[in-house]
Amino acid sequence: MLKVAMIGAGSVVFVKNLLTDILDFPELRDVTITLHDIDQERLETAGMMTRWTAAQFDANPVIEEHLDRRAALKDADFVINMVQIGMHEATLLDFEIPRKYGLKQTIADSLGIGGMFRGLRTIPFMLDLVADMRELCPDAVLLNYTNPMSILTQAVYEAYPEQKVIGLCHNVQNTAHELASYLDVPVESLSYDCAGINHMTWFLKLKIDDEDAYPRLWAAMENPEIFAKDKVRFELMRSFGRFISESSEHNAEYTPYFLKSEADIAAYDVPVDEYIRRSVRNLGRYAETRRKLLAGETFPLERSREYGSLIIHAMATGKPQLIYGNVRNDGLIDNLPNGCCVEVPVVVDKSGMRACNAGSLPPELAGYCAPHVYVQDLTVKAALNGDRDQVHRAAMLDRHATSVLSIKDIRAMVDELIEAHGDAMPAGIRGRTATTLRKSA
């Protein structure tokens, strides 16, 4: 029987979405689902949600709840990671300390200073998780949904080259739906070729049926109502010639352009501190979800746009799927560094996952991505080697931070963040004796 382990199952609504996707395939309805969380109440809530969802499909999967992660992992075929290390309290630190120095952020979970520190406190967990997988389910595929996507996926394949891992995001497929709405066409009529890095995956080709859709998208951008929906990304398209994945609120903090002044923030409707508001809403959303489960109320049930179930189904049945995934750059994008984490098309079938060669990005698009690749690489190496200096160097290369802060302020901000996160930082970074965390292949 196929076994799927969900790690960080306290993300209850996401569990419902993923399980809905899995059970929507009749071939997967006898799956074993093991749920793990370190919070007893959230784990119990995830169990209730899983059983409710299964009942809607008249399915009878085996459902297990485990506070012990190793018990959840044993003999798994797929491991879905969706943890948030530090939760709301750590998120507040990632915003409040940079704000003291004058650095504004919007989401701060993938790139930039906030993304770096979320990565640093999550990498030790990722290494422990994969160490357990190598022992308990060595053939399992790790499907990582946790941000920062590129940093965490790269940390896994650098520390454990033999581990099958892919980073999964919804930035490409969500952007496709948004583009369809701007073009006023059904999303099914769109086709596209994309490549780049996570949250900076470029729509290199975009077609409506067999027609190049970019002329129509340029025309749509001139409509003030459409431009107002996605100001940052349309401005980036105006400057770089192609549309970029993810959202305007994310992309605003990845560049030196949109948070430089209050006038820019207002002009581009940049939602400063947006993720803090989302995090507070998520806490309330969890509480309301638990209340509804205990009261026997129902929830909307529809397939999501996530790729996880498509990978599981393709590998289990042999029916191929094409998805977008975050993987090691082994010559997949010629003009980004080998070894960095790139987002490209991936073919999945019974034999596994095969990333597709995307060739070279136009130089301006590769140049847009490249600075972030080096920040990610230094962050990974800082964690694996316990090297505080590499944390400083990564921050010194961040495009947004360096557009706002002096070198002395960046150094001071990094030191304050390291101290504030304390023992959540990898060994060696918080002033302890450096200890390598790198594992041999």
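Only this structure's heavy atoms are used, side chains among them; waters, hydrogens and symmetry mates stay out.
- Partners of Glu96 according to the salt bridge (Lys or Arg N to Asp or Glu O under 4.0 Å) rule, which considers only residues two or more places apart in sequence or in another chain, do not exist here.
- Residue Tyr374 places its OH atom among 12 or fewer non-hydrogen atoms of other residues, nucleotides or ligands, all under 6.0 Å distant.
- Proximity of the aromatic rings of Phe240 and Tyr368 is defined here by a centroid distance below 6.0 angstrom, and this criterion is met.
- Across all non-hydrogen atoms, the minimal contact from Val272 to Lys104 is CG1-CB, 4.0 Å.
- The two atoms that bring Ile333 and Ala358 nearest to each other are CG1-CB, 4.1 Å, heavy atoms only.
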List the steps and the verdict of side chain to side chain contact (heavy atoms under 4.5 Å, CB included) for Leu2 and Thr32.
CA-CA 6 Å; Leu2 197 69; Thr32 294; over 6 Å; no
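- To the nearest 0.5 Å, the span separating CG on Asn198 from NE2 on His372 amounts to 12.0 Å.
- Side-chain N or O atoms of Ser248 include one that pairs as donor or acceptor with a backbone N or O of Val232 at under 3.5 Å.
- With respect to the salt-bridge test (charged N to carboxylate O, under 4.0 angstrom), the residues Arg69 and Asp132 qualify.
- Of the charged side-chain nitrogens involved, none lies within less than 4.0 Å of a carboxylate oxygen, so that Glu416 and Arg411 do not count as a salt-bridged pair.
- The pair Asp37-Arg42 does not count as a salt bridge, with every side-chain nitrogen at least 4.0 angstrom from each carboxylate oxygen.
- Side-chain contact of Thr106 with Glu249: a donor-acceptor pair under 3.5 Å is absent, judged by distance alone.
- Side chains of His392 and Asp415: a donor-acceptor N/O pair is present below 3.5 angstrom, by distance only.
- We find the CE-OG1 distance between Met6 and Thr50 to be 6.5 Å, quoted to the nearest 0.5 Å.
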Between Leu23 and Leu28, is a side chain to side chain contact (heavy atoms under 4.5 Å, CB included) present by the stated rule, with each step listed?
CA-CA 6 Å; Leu23 297 181; Leu28 301 182; 5.7 Å; no
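- Aromatic ring centres of Tyr214 and Phe243: separated by at least 6.0 Å.
- Listed for the Gln321 side chain is no donor-acceptor partner under 3.5 Å among the backbone atoms of Val348.
- Pairing each heavy atom of Ala401 with each of Asp398, the nearest pair is N-OD2, 2.8 Å.
- In summary, Lys231 and Glu225 do not engage in a salt bridge, as defined by a charged side-chain N under 4.0 Å from a carboxylate O.
- Contact between Ile123 and Thr379 at its shortest, heavy atoms only, is CD1-O, 4.4 Å.
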Given salt bridge (Lys or Arg N to Asp or Glu O under 4.0 Å), test Arg430 with Asp423 step by step and report yes or no.
CA-CA 8 Å; Arg430 194 176 176 243; Asp423 288 340; 3.8 Å; yes
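- Remark: Ile38 CD1 is loosely packed, at most 12 non-hydrogen atoms of other residues, nucleotides or ligands lying under 6.0 Å away.
- To the nearest 0.5 Å, the span separating CG on Leu43 from NE2 on His66 amounts to 9.0 Å.
- Using a 4.0 Å cut-off between charged nitrogen and carboxylate oxygen, Glu288 and Arg285 do not count as a salt-bridge pair.
- No donor-acceptor pair under 3.5 Å is formed between the side chain of Arg399 and the backbone N or O of Thr255.
- Under a cut-off of 6.0 angstrom, the local environment of CG in Asp184 is sparse, with at most 12 non-hydrogen atoms contributed by other residues, nucleotides or ligands.
- Here Arg305 does not pair with Asp21 in a salt bridge; the nearest charged N to carboxylate O distance is not below 4.0 Å.
- Under the ring-ring contact (aromatic ring centres under 6.0 Å, His included) criterion, the residue pairs touching residues 265-305 are Trp52-Phe299, Phe258-Tyr268, with sequence neighbours excluded.
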So Thr20 and Gln56, side chain to side chain contact (heavy atoms under 4.5 Å, CB included) or not? Walk me through it.
CA-CA 9 Å; Thr20 297; Gln56 309 315 301; over 6 Å; no
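- With hydrogens and angles ignored, the 3.5 Å screen pairs a side-chain donor or acceptor of Ser261 with a backbone N or O of Asp264.
- Residue-environment remark: CZ (Arg134) exceeds the threshold of 12 foreign heavy atoms within 6.0 Å.
- Other residues, nucleotides and ligands contribute over 12 non-hydrogen atoms within 6.0 Å of the CD atom of Glu222.
- Judged by distance alone, the side chain of Gln163 and the main-chain N or O of Ala140 form a donor-acceptor pair under 3.5 Å.
- A distance-only check finds a donor-acceptor pair linking the side chain of Asn251 to the backbone of Ser245 [under 3.5 Å].
- Separating the CD atom in Glu44 from the CG atom in Leu35 is a distance of 12.0 Å, to the nearest 0.5 Å.
- Within a 6.0 Å radius of CG in Leu301, more than 12 heavy atoms belonging to other residues, nucleotides or ligands are found.
- In terms of modelled atom types and a separation under 3.5 Å, the side chain of Ser189 and the main chain of Val185 share no donor-acceptor contact.
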Intermediate values then yes/no, salt bridge (Lys or Arg N to Asp or Glu O under 4.0 Å), Arg99 and Asp273
CA-CA 10 Å; Arg99 193 189 304 119; Asp273 293 340; 3.2 Å; yes
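- Looking only at atom types and distance, the side chain of Glu343 has a donor-acceptor partner in the side chain of Asn171 under 3.5 Å away.
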Side chain to side chain contact (heavy atoms under 4.5 Å, CB included), that's the test. Do Ile166 and Met353 meet it? Break it down for me.
CA-CA 9 Å; Ile166 188 168; Met353 301 178 294; 3.8 Å; yes
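- No side-chain N or O of Arg29 forms a donor-acceptor pair with one of Asn60 less than 3.5 Å apart.
- In the displayed structure, Lys74 atom NZ is contacted under 6.0 Å by at most 12 heavy atoms of other residues, nucleotides or ligands.
- Defined by atom type and a distance below 3.5 Å, a donor-acceptor pair is missing between the side-chain atoms of Glu306 and Asn17.
- For Asp230, the salt bridge (Lys or Arg N to Asp or Glu O under 4.0 Å) partners two or more places apart in sequence, or in a different chain, are Arg233.
- A donor-acceptor contact shorter than 3.5 Å links the side chain of Arg51 to the backbone of Gly47.
- Counting all heavy atoms, side chain and backbone alike, Leu152 lies closest to Gly119 at CD2-O, 4.0 Å.
- Distance OG1/Thr146 to CZ/Arg118: 9.0 Å, rounded to 0.5 Å.
- By the 4.0 Å N-to-carboxylate-O rule, Arg291 lies close enough to Glu297 to be salt-bridged with it.
- Judged purely by atom type and a 3.5 angstrom limit, Asp193 has no side-chain atom pairing as donor or acceptor with the backbone of Leu204.
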Decide salt bridge (Lys or Arg N to Asp or Glu O under 4.0 Å) for Lys3 and Asp75; before the verdict, give the C-alpha distance in whole Å, the side-chain angles of both, and the deciding distance to 0.1 Å.
CA-CA 7 Å; Lys3 181 173 179 179; Asp75 299 327; 5.8 Å; no
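- Side-chain contact, His421 with Asp94: a donor N or O sits under 3.5 Å from an acceptor N or O.
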List the steps and the verdict of salt bridge (Lys or Arg N to Asp or Glu O under 4.0 Å) for Arg278 and Glu274.
CA-CA 6 Å; Arg278 292 185 190 182; Glu274 171 62 19; 3.0 Å; yes
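- For the atom pair CD of Gln390 and CG of Asp377, the computed distance is 8.5 Å after rounding to the nearest 0.5 Å.
- Tyr192 places no side-chain N or O within donor-acceptor distance of the main-chain N or O of Val172, the cut-off being under 3.5 Å.
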